Structures are given as C-alpha cells and as structure tokens.
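Notes to accompany the following structure.
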Amino acid sequence: MAEKFRVCIIGSGNWGSAIAKIVGKNAAAHDHFEDRVTMYVYEEIINGRKLTEIINESHENIKYLPGHKIPENVEAVPDVVEAAKDADILIFVVPHQFIRRICSTLLGKIKPDAIGLSLIKGFDKKEGGGIELISHIIARELNIPMAVLMGANLASEVADEMFCETTIGCKDKAKALVLRDIIQTSYFRVVVVADVDSVECCGALKNIVACGAGFVDGLGLGDNTKAAVIRLGLMEMIKFVDVFFPGGKLATFFESCGVADLITTCYGGRNRKVSEAFVKTGKSIEELEKEMLNGQKLQGPFTAEEVNYMLKARNMENRFPLFTAIHRICVNELKAQDLIDCIRSHPEHMDDLDFEQQQPQQTNSPKSHL
C-alpha cells in the first residue's frame with residue numbers, strides 16, 4: 001500500500017454522509033492519509049440540480065443528511081469507478097442489495113493492494129442455497145482483504161457528534177491500526193477485535209430483532225415486553241452465529257456491535273419505526289418504506305427473509321422461533337399479535353430447563369470463550 005493512503009467512500013446515504021464527516025476530517029488531520037477523499041454518490045436530481053454538484057458546492061448532502069457540513073476535502077463523484085480507482089482504502093456503505101452490482105462494476109478497476117472496510121449490515125443469498133456475509137462477497141468478487149465496522153451508531157447521532165462506540169472486526173493488526181486512524185474521533189471511539197464474522201453477523205441480525213421491537217411498540221405492549229424480545233433476540237443471534245459461522249467468541253456480543261447496537265436499534269432507528277407503523281397503519285412494509293425513509297432502504301424485513309431462507313433450507317425454523325415469527329409477520333403470514341404467542345412458547349421458557357443444562361460446555365461454540 002502507498003505511504004499516504006487514499007480513501008474512497010462508496011455510498012452517500014445518511015450513514016455514508018455521517019461517516020464522510022469523520023473520514024474527511026481525519027484524512028486532513030493525519031499525515032499518512034491524502035487530504036482528498038472521494039465519495040461515490042448515486043446521482044439524483046434535487047430541485048433541478050445534480051446532487052453531486054450540490055454536495056461539492058455547498059458541502060452538504062441536503063437529501064440524506066441535511067443540516068450537516070461535510071468537510072471540503074470530501075469530493076462527491078457520480079461514477080463509482082472514477083471514485084474508487086486510485087483508493088488504497090475502500091469504505092463500503094451502500095444498501096446490501098446493491099453490492100454485487102457495484103463489485104461487478106469495480107472488478108479489475110481498483111488497486112490490487114487496496115483494502116476494504118464494510119459498514120453494510122445484512123446478508124445476501126448464495127446462488128444454489130444459503131446466505132453469505134457481505135464482506136465475504138466483496139472479498140471474493142474484488143480479491144481484496146476485508147474488515148467490517150458495526151456498532152450502536154445511529155447516523156443522525158454520529159452526525160451530531162454525540163459520543164458513541166463502534167467495533168471494527170479485522171484480522172490483520174497493521175491494517176486495523178490504519179482503519180482505526182481514519183475512523184476514530186474523540187466522540188466516535190473504536191474497539192478492534194479479530195472476530196470479523198461475528199461482528200458482521202451482529203450488524204445484520206439485530207435489524208430483525210428491531211422489527212420485533214417495533215411490533216411490540218405498535219401493539220402498545222410496553223418496555224417489559226420489548227425487553228423480552230431483545231433478550232430472546234440476542235439469544236437467537238448468538239445461536240445463529242454458533243451454527244452458521246462457528247469459531248467466534250461470546251465476548252464479541254458484548255461489544256458495541258452486539259448488545260449495544262441491538263438495544264439502540266430496538267429503541268431508535270428505521271426498522272423499529274417502520275415496524276411500529278406497520279402495526280398501527282395496516283400498510284405494507286413497501287408502502288411505509290417509500291413514505292417514511294426518504295429514499296433509504298429498510299434492512300430488517302429483507303434480512304429476516306434471507307435468514308428464513310437459510311433456516312427453512314436446513315429445516316431449522318423451530319430452533320429460531322423469534323426470527324421465524326418476525327419474518328412471517330413481515331410477509332403477512334402471521335399477525336403482529338402472534339409474536340406474543342411466540343415469546344410465551346419460546347424454548348428459552350421451557351419449564352424443564354434446569355440449572356445443569358445452562359452450564360457452559362467445553363466446545364468450540366462461542367459460549368466456551370466467555
């Protein structure tokens with residue numbers, strides 16, 4: 001990699017723009033980064049003007065992050081190849097539904113020794129069955145090493161510079177230090193762990209649980225019920241990673257990417273908000289996404305569908321009853337009220353579960369690392 005690292009942000013929604021505030025400032029402040037940061041912006045016409053022109057002239061993304069100044073050294077570029085071609089660090093922050101198309105566009109057109117950092121929360125379906133982590137797709141399609149960043153990081157609060165923590169999952173210590181330097185600020189504190197897959201899984205799975213929390217809010221059932229959804233959701237998150245992405249550490253679930261992000265998303269964020277409206281209005285998820293999100297994409301129902309695809313293929317829906325119920329509510333196979341029956345009958349509530357059965361086993365599961 002170069003002595004001075006060039007950085008490109010691929011994506012410019014509210015989260016991408018919030019990260020651009022941090023990355024632009026850090027690039028200008030640190031000697032080992034080039035001042036100029038490129039940001040790929042999907043071109044849109046806003047009030048008769050191109051969004052890229054507005055960002056480059058006013059240094060504000062008036063559609064996705066109004067009221068916040070993006071540093072002047074961040075340049076909006078409408079062509080993803082042009083934005084990324086000279087970058088040593090590629091920060092991916094687009095809806096996960098678009099990542100394969102972006103990778104196919106970038107293939108063979110980026111630096112061969114570039115590294116990637118994914119802020120994308122979600123899975124994608126594998127051809128032939130199963131699901132795949134977004135960072136794995138990028139690494140395979142572009143043949144570059146990948147790290148991930150996940151945490152309790154609501155974009156609006158990060159943009160407002162309210163203190164928060166985040167987690168970077170990276171196996172290479174030297175690369176992790178560079179990535180930490182471009183991301184960390186006094187208000188955005190980074191913890192680096194090597195358990196990359198668990199970090200990324202947390203970022204995807206918590207959006208499913210947030211939908212369940214939104215259903216509880218829509219039903220007016222209160223914080224005690226929501227707490228039950230959060231707890232059972234965390235248990236299913238841990239179990240899911242243990243089954244499908246084994247070898248992680250239970251401690252990772254207690255970093256910002258895990259329980260902190262889960263709590264934040266279940267009390268704020270778009271998945272909870274839209275799911276509450278889904279119950280109260282009777283409108284479809286698709287209708288509410290268009291009405292409420294100003295062009296942003298909703299990740300929870302889509303991720304729930306992908307996870308259910310995996311569970312159904314393995315005949316494991318009954319082992320993940322909360323994930324399964326949330327998916328079935330999103331697609332109108334169950335009513336929101338049925339979520340409570342799922343909670344009541346959850347295997348975690350079985351009367352015959354005794355203390356002996358709850359003791360940690362000396363296995364390769366994440367629980368053995370606590």
Side-chain angles (χ1 to χ4, degrees), residues 13-15 18 64-66 95-97 121-123 150-160 162 164 202-237 258-308 320-346:
N14 63 342
W15 188 210
Y64 296 114
L65 198 69
H96 73 279
Q97 298 94 317
K121 297 179 177 180
F123 300 105
M150 307 283 156
N153 309 142
L154 295 178
S156 60
E157 295 183 11
V158 174
D160 286 334
M162 298 179 182
C164 66
C202 285
L205 296 171
K206 58 93 182 182
N207 283 329
I208 303 175
V209 186
C211 290
F215 298 151
V216 168
D217 288 340
L219 293 167
L221 294 176
D223 286 339
N224 293 339
T225 307
K226 189 190 286 192
V229 168
I230 293 171
R231 187 188 75 82
L232 293 171
L234 179 61
M235 297 298 291
E236 291 198 8
M237 287 168 61
V259 66
D261 196 10
L262 177 63
I263 292 168
T264 296
T265 310
C266 287
Y267 280 90
R270 68 186 76 152
N271 291 283
R272 188 219 61 80
K273 180 171 68 173
V274 172
S275 296
E276 179 182 9
F278 175 75
V279 176
K280 288 183 172 179
T281 67
K283 295 180 180 179
S284 71
I285 294 288
E286 293 77 11
E287 286 178 289
L288 292 167
E289 182 182 62
K290 290 176 182 176
E291 288 179 13
M292 299 175 67
L293 298 186
N294 191 32
Q296 295 286 295
K297 292 295 181 182
L298 196 66
Q299 301 297 339
F302 197 81
T303 304
E305 178 186 357
E306 291 166 331
V307 165
N308 187 257
F320 297 87
L322 185 67
F323 287 174
T324 300
I326 290 168
H327 165 67
R328 294 182 68 191
I329 291 167
C330 287
V331 297
N332 292 309
E333 291 180 7
L334 290 177
K335 294 181 179 179
Q337 293 87 340
D338 295 328
L339 183 67
I340 306 310
D341 290 332
C342 161
I343 295 171
R344 287 195 188 102
S345 60
H346 198 282

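These numbers come from a predicted model, not from an experiment.
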Sequence neighbours excluded, which residues qualify as salt bridge (Lys or Arg N to Asp or Glu O under 4.0 Å) partners of Arg270?
-> none

Taking it one step at a time, do Val158 and Cys164 satisfy side-chain contact (heavy atoms from CB on, under 4.5 Å)?
-> CA-CA 7 Å; Val158 174; Cys164 66; 3.9 Å; yes

Residues which pass side chain to side chain contact (heavy atoms under 4.5 Å, CB included) with Ser284, listed by chain and number, not counting sequence neighbours | Glu286, Glu287

Answer whether the closest heavy-atom distance between the side chains of Val209 and Leu205 falls below 4.5 Å.
-> no

Who passes side chain to side chain contact (heavy atoms under 4.5 Å, CB included) against Pro66, sequence neighbours left out?
-> Glu60

Student check: side-chain heavy atoms of Asn207 and Lys121 closer than 4.5 Å = yes

Side chain to side chain donor-acceptor pair (under 3.5 Å) involving Lys273 - partner list, sequence neighbours excluded = none

Do Val307 and Phe320 have side chains that get closer than 4.5 Å, going by heavy atoms?
-> no

Would you find a donor on one side and an acceptor on the other, under 3.5 Å apart, between the side chain of Glu289 and the backbone of Leu298?
-> yes

Only counting residues at least two apart or in another chain, list the ones meeting side chain to side chain contact (heavy atoms under 4.5 Å, CB included) with Lys335.
-> Gln337, Asp338

Considering only heavy atoms from C-beta outward, does the side chain of Cys202 approach that of Leu262 to under 4.5 Å?
-> no

How about His346 and Glu236: does a side-chain donor come under 3.5 Å of a side-chain acceptor?
-> yes

Got a sec, which residues hit salt bridge (Lys or Arg N to Asp or Glu O under 4.0 Å) with Glu276, two or more places apart in sequence or on another chain?
-> Arg272, Lys280

Sorted by chain and number, sequence neighbours left out, side chain to side chain donor-acceptor pair (under 3.5 Å) with Glu291 holds for Lys283

Lys206 and Gln299, any side-chain heavy atoms less than 4.5 Å apart = no

What's the verdict on side-chain contact (heavy atoms from CB on, under 4.5 Å) for Trp15 and Leu65, showing C-alpha distance, side-chain angles and the deciding distance?
-> CA-CA 8 Å; Trp15 188 210; Leu65 198 69; over 6 Å; no

For Thr303, check side chain to side chain donor-acceptor pair (under 3.5 Å) against everything at least two apart and list the hits.
-> none

Could you tell me which residues satisfy salt bridge (Lys or Arg N to Asp or Glu O under 4.0 Å) with Asp160, sequence neighbours excluded, listed by chain and number?
-> none

May I ask you to decide if Cys211's main-chain N or O and Asn271's side chain share a donor-acceptor pair within less than 3.5 Å?
-> no

Mind jotting down which residue pairs meet the ring-ring contact (aromatic ring centres under 6.0 Å, His included) criterion with at least one end in residues 265-308? Sequence neighbours excluded, please.
-> His96-Phe302, Phe215-Phe278

Asp223: what forms a side chain to side chain donor-acceptor pair (under 3.5 Å) with it, not counting sequence neighbours?
-> none

Does Thr324 have any side chain to side chain contact (heavy atoms under 4.5 Å, CB included) partners at least two apart in sequence or in another chain, and if so, which?
-> Asn308, Leu311, Glu317, Arg328

